[in-house]
**Student:** 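Please read through the structure below; I'll follow up with questions.
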Amino acid sequence: MSRLENRGPNSVTDEPLISVEDVKVHFEKERSLFEMFSEPDVVKAVDGVSVDIGENDVLALVGESGCGKTTLGKTIIGLQKPSAGTISYRGRDIWETKAGNTDLSFADIRSSLQIIHQDPGSSLNPNRRIVETLSEPIRLTHPAITAGERRARIHSLLERVGMTPARDFASRYPHQLSGGEKQRVALARALLMNPDVILADEAISALDVSLRVEMMDLMLDLQEEFNTSFVFISHDLSNARYFAEHGDGRVGVMYLGNLVEVGPPEQLITDPQHPYTEVLRWATPNLALDATNASEPPMRKIDIPDPVNPPSGCRFHTRCPKAREACTQLQPELREVSDSHQVACFRSDPDHEYWESSELED
Amino acid sequence: MTTTSDQLHRPRDGVSDPILEVKNAKVTYDGGETYVLDNVTFSIERNEILGVVGESGSGKSMLASALLDAIPAPGHLSGEVLYHPDQNTTVDVLEFTDSELMEYRWAEVSMVFQGAMSSFNPTMKVGAHFKDTLKAHNRVVPEGLDFARELLSDLYLDPERVLDSYPHELSGGMQQRALIALSLLLEPEVLVMDEPTAALDLLMQRSILLLLEEIKEKYDVTMVFITHDLPLVASLADRMAVMYAFELVEAGPRDQIIGDSGHPYTRALLNSTPNIDAPLEDMQPIPGKSPAPVNVPAGCSYADRCPLATDTCRQDDPVFEDIGDGHIVACHHWQQATEEIELTFNQDEGGESVEGELR
Ligand SMILES: Nc1ncnc2c1ncn2[C@@H]1O[C@H](COP(=O)(O)OP(=O)(O)O)[C@@H](O)[C@H]1O
Ligand code: SF4
Ligand SMILES: [Mg+2]
C-alpha cells in the first residue's frame, strides 16, 4: 500500500495532518515593454494565513472571486510554493522535503494530496477511455497487480461513485459523460491515490443547483469511508455550510488574501461575527416567501478592490458598513471569540480603540 | 404585420397584457427526429420579470432563442412567436425579413448570454462595441454614448474607465454588467437573459440581480431571466415558469411556485437545493436522470422519476390545468403532489420531512 505510514515519530501526539503557518503567496504581474524598468505590480493572493487541517477533517473556504481561495488551496496541497511562511505535512515542511531535507519523499506527499478542479472536463484526457484514465494511478501505486485485478478495482470504484453500469461507463470517452459524471470520474481518480487530503476547488459550482447536494453527499460518504480530509472551496455559503456541517469541519471566510472568520458552520451562519460574513450571508438566496424583495446589501461598494493595491488597515474597510477611522490604519488579526471560532475584526474586541474612533465618510 | 385573433388555446396563465406570446413552439434537429423544444406555449406579461427555471439541457436556451427567432442552425423552429409592441399591435416574429429581425433583436427584444468573455471581441475596447452597435443601427453616436454612460453608472460602473478598457482589463462581474448595458443601449422593450450570471460568484450574482430590479423600474423594461438556479431567480422574479425535458410543466406567480407548487418536479427541485435557512437534513437530491432528447417517453416525461406516477401518467401526456390565480400545472396528480410531497424549507413549526433523514 502506498498510503504513507501514519506512524511518524510524532503521530502519537495530536499533530495536524497539514499545518499552514503565516503563509504568503505573492505573484508578480507580467510587465509590458514600457514597464520593464518600473517596480513590478505584485498581487498578494494570499497574505499571511495560518490554519491546520486534521485527519478526516473538512475546511470549507468561501469568498468572492479573486480573494485567494484557489491559491491557498493549492498551497495547502503543495502545488503552489509559498513566497513566505511554511506548510508542513505530518510535521515535515513540504518544500524542505522537496529539497530532500526530510525523511519523506516529495512524490509520496504529493500523491497523498489530490485535487478535483471546477471544470472536470479539462482534467480528463479527451482521447482516452475512462478505464485508461483510471488505470494510470493504479499502475503507479500498485505496479504488481494484474490487468484483471486492475479492472475489477476500477469497476468497483466506479460503482462506489454511483456510475453504474460500471462496465459501460468505463469504456466511455469524457465527451460521452455529463458534467456530474465527469466530476465523479475525477473523484474516483483522486481516490485511487489513497489521498489524505482532497482539494475540491469549486468542484460542484459548474453543476446544476439540483445536483450539488448529491455530489456533496458522495464526497462526504467517501470522507468517512476512506478517512480523507477535504479542503472544499466554494463561493456559495450555503454549500460550504452543508459540506462543513456534515463533514464535521469548519468554514473559513477569505477576503483579499486573508482569512477573516473561521468557525463551526452553524455558528458562523447563525451568528456571523465579521461584517464580510454577513455580506456573504446576504448574497445567499433564501426561499422564504418574504424574501422576494431583497434588502440592500450590507456593504458600501459592489466591486472588490484591486488586489495589486489592497486597502490599508482592514482590507474590508472600503466596503464595510461598520468601518471607522481606526479600520483604515491597523489591520485586525484573527482572534478567538469562542471555542474554535475566530474573527479578524476590531468589533470583536470590546476594548479596542475602534469604538472611540470616528465613523468613515465616503 | 399580421394580426392573430385566436386566443383560444392560450392557457389561463393570468397574463392579461402579453408583450410576447409563444404558441406551440417546437424546435427539432435531424430533420424532425430530435425534439429540443416540445410544443411550448406561454406568454410574458408587459413589465414583469419572468424567471424560467430548468436543469441543464432542459431546453431553456432554445426557448430564449425562439423568442428572437435565433435557433442555431440546423435546428428548425415551428409554431408562433408574437410580439405586441403595444396592446393593440401584434407582430409575427417568424415572418420578419433579415433587416427587420436585426432591428427587433436590439431595439425591441434584446438578449444577454452567459459569459461576457465570449460576447465581447477581445481585441476591441468596450467603448468601440457601443459605438459599433450605434452605427450599425443608424443611431447618433454622441447621444447614444451619453445614454451608454448613464446605463453604465446605473450598473455601478465608472463609465469612462469601462469604455476605455479592453474586456480582459475588467473583472468578470464588470464585464457582465457592461454587457447588460450594451444590450440596453437601443432601449429595448424586453431583455432576455440566459444564465447571465452563472459564471460569477454568488455575491456578484446577487448584486447584479439587485441592479436589474432597479433598471427595470427606471426603464420599464420587461425581463426574462433564464437559469438552472431556482433559489437565485426566486429572489427576483414576479412570475416563474418551470421547464422539464423540453416542455413547460408549471408556471405561476413567484410565491405560488415557491410555496404551493403543483408539479412534483418543481417540488423536488425546491427540496434539492441547499438553502441557507433550511435544516440541513432536509435537502434531498432528485433520484434518476432527465431524459435525453431522442427518447422522450410517451405520457408525462417526468413519470420515470416521479414518486406519484401511475399508469395514466405513463400513457397520457398531462395538459395544463389552471389551479387558480394564474397558476398552471401540467400534472395528472397535482393535488396529491401538494398534499403528499412536503416542501422541506421555510417551515415555521419545524415540520418533518417525508423522506426522513437524508444522511
Ligand atoms: N499565477 C498567477 N499569476 C498572477 N496572479 C495570479 C496567479 N494566480 C492567481 N493570481 C491572482 O491572485 C488573486 C487570487 O486568485 P485566486 O487564488 O485564484 O482567487 P479565488 O480562487 O478566490 O478566485 C487574484 O487576483 C488572481 O488574479
Ligand atoms: S475591522 Fe473595521 S473595516 Fe474591518 S471588518 Fe471590522 S469594522 Fe469593518
Ligand atoms: Mg478559484
Side-chain angles (χ1 to χ4, degrees), chain A residues 62-67 69 178-180 202 204-218 220-221 234-243 245-246 265-266 269-270 276 279-297 299 301-304 306, chain B residues 53-58 155-158 171-174 177 198-211 213 227-238 254-255 258-259 268-278 280-281 283-287 289 343 345-346 358-359:
Chain A
V62 287
E64 65 205 289
S65 299
C67 70
K69 305 179 296 295
S178 71
E202 303 277 11
I204 60 163
S205 302
L207 303 180
D208 270 16
V209 174
S210 55
L211 301 177
R212 291 179 188 168
V213 165
E214 206 178 340
M215 187 70 192
M216 286 194 280
D217 284 347
L218 177 62
L220 288 162
D221 287 346
S234 175
H235 57 81
D236 182 330
L237 192 55
S238 56
N239 290 328
R241 167 212 184 202
Y242 187 93
F243 200 82
E245 184 66 31
H246 283 305
E266 285 309 301
I269 276 167
T270 51
Y276 183 63
V279 171
L280 295 183
R281 204 178 181 310
W282 169 85
T284 311
N286 170 331
L287 286 174
L289 289 176
D290 53 13
T292 327
N293 290 316
S295 52
E296 288 292 308
M299 59 177 176
K301 289 201 173 71
I302 284 188
D303 291 294
I304 192 167
D306 184 351
Chain B
V53 179
E55 55 202 280
S56 298
S58 61
L155 289 158
Y156 286 69
L157 292 166
D158 172 353
S171 73
M174 291 179 171
R177 275 138 66 205
L200 306 173
D201 66 64
L202 200 48
L203 180 51
M204 183 50 71
Q205 296 192 26
R206 286 278 289 198
S207 304
I208 290 184
L209 258 55
L210 211 64
L211 296 175
E213 232 167 304
T227 179
H228 68 91
D229 197 335
L230 189 157
L232 183 78
V233 73
S235 65
L236 174 78
D238 302 315
R254 184 261 182 204
D255 278 4
I258 301 302
L269 202 56
L270 285 162
N271 284 343
S272 72
T273 55
N275 192 325
I276 197 93
D277 289 321
L280 281 177
E281 59 276 15
M283 294 159 195
Q284 307 152 357
I286 311 178
K289 271 194 235 179
L343 294 177
F345 59 93
N346 199 31
L358 175 65
R359 296 183 45 76

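Below, read A as the first sequence line, B as the second, and so on, with proteins coming before strands; counting in each chain starts at 1.
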**Student:** Could you tell me which residues satisfy salt bridge (Lys or Arg N to Asp or Glu O under 4.0 Å) with B/E55, sequence neighbours excluded, listed by chain and number?
**Tutor:** B/R305

**Student:** Shortest non-hydrogen contact from B/S207 to A/M299?
**Tutor:** OG-CE, 3.8 Å

**Student:** First locate atom CG of B/L155, then atom CD1 of A/I302, and finally report the distance between them rounded to the nearest 0.5 Å.
**Tutor:** 8.5 Å

**Student:** With a 4.5 angstrom heavy-atom cut-off, could you sort out which part of A/L237 is near chain B: side chain, backbone, both or neither?
**Tutor:** both

**Student:** For A/I304, which atoms come within 4.5 Å of any heavy atom of chain B: side chain, backbone, both, or neither?
**Tutor:** neither

**Student:** Any heavy-atom pair between the side chains of A/T284 and B/R206 that's under 4.5 Å?
**Tutor:** no

**Student:** Is B/L211 in contact with chain A via its backbone, its side chain, both, or neither, using a 4.5 Å heavy-atom distance?
**Tutor:** side chain

**Student:** Using the rule side chain to side chain contact (heavy atoms under 4.5 Å, CB included), only one of B/L232, B/L230, B/V233 pairs with A/P285; which is it?
**Tutor:** B/L232

**Student:** Under 4.5 Å heavy-atom distance to chain B, tell me which part of A/E202 shows up: side chain, backbone, both or neither.
**Tutor:** neither

**Student:** Is A/V279 close to chain B through its backbone or its side chain, or both, or neither, when contacts mean heavy atoms under 4.5 Å?
**Tutor:** both

**Student:** Among all residues two or more places apart in sequence or in another chain, which pass the side chain to side chain donor-acceptor pair (under 3.5 Å) test with A/S210?
**Tutor:** none

**Student:** Tell me the closest heavy-atom pair linking A/D208 and B/H228, and the distance in Å.
**Tutor:** CA-ND1, 3.5 Å

**Student:** Return the minimal non-hydrogen interatomic distance between A/V209 and B/T273, and the atom names on each side.
**Tutor:** CG1-CG2, 3.0 Å

**Student:** Less than 4.5 Å apart, any side-chain heavy atom of B/L203 and any of A/H235?
**Tutor:** no

**Student:** With a 4.0 Å cut-off on N to O distance, would you call A/D303 and B/R177 a salt bridge?
**Tutor:** yes

**Student:** Do you know which of A/S238, A/G66, A/P297, A/S205 has the most heavy-atom pairs under 4.5 Å to chain B?
**Tutor:** A/S238

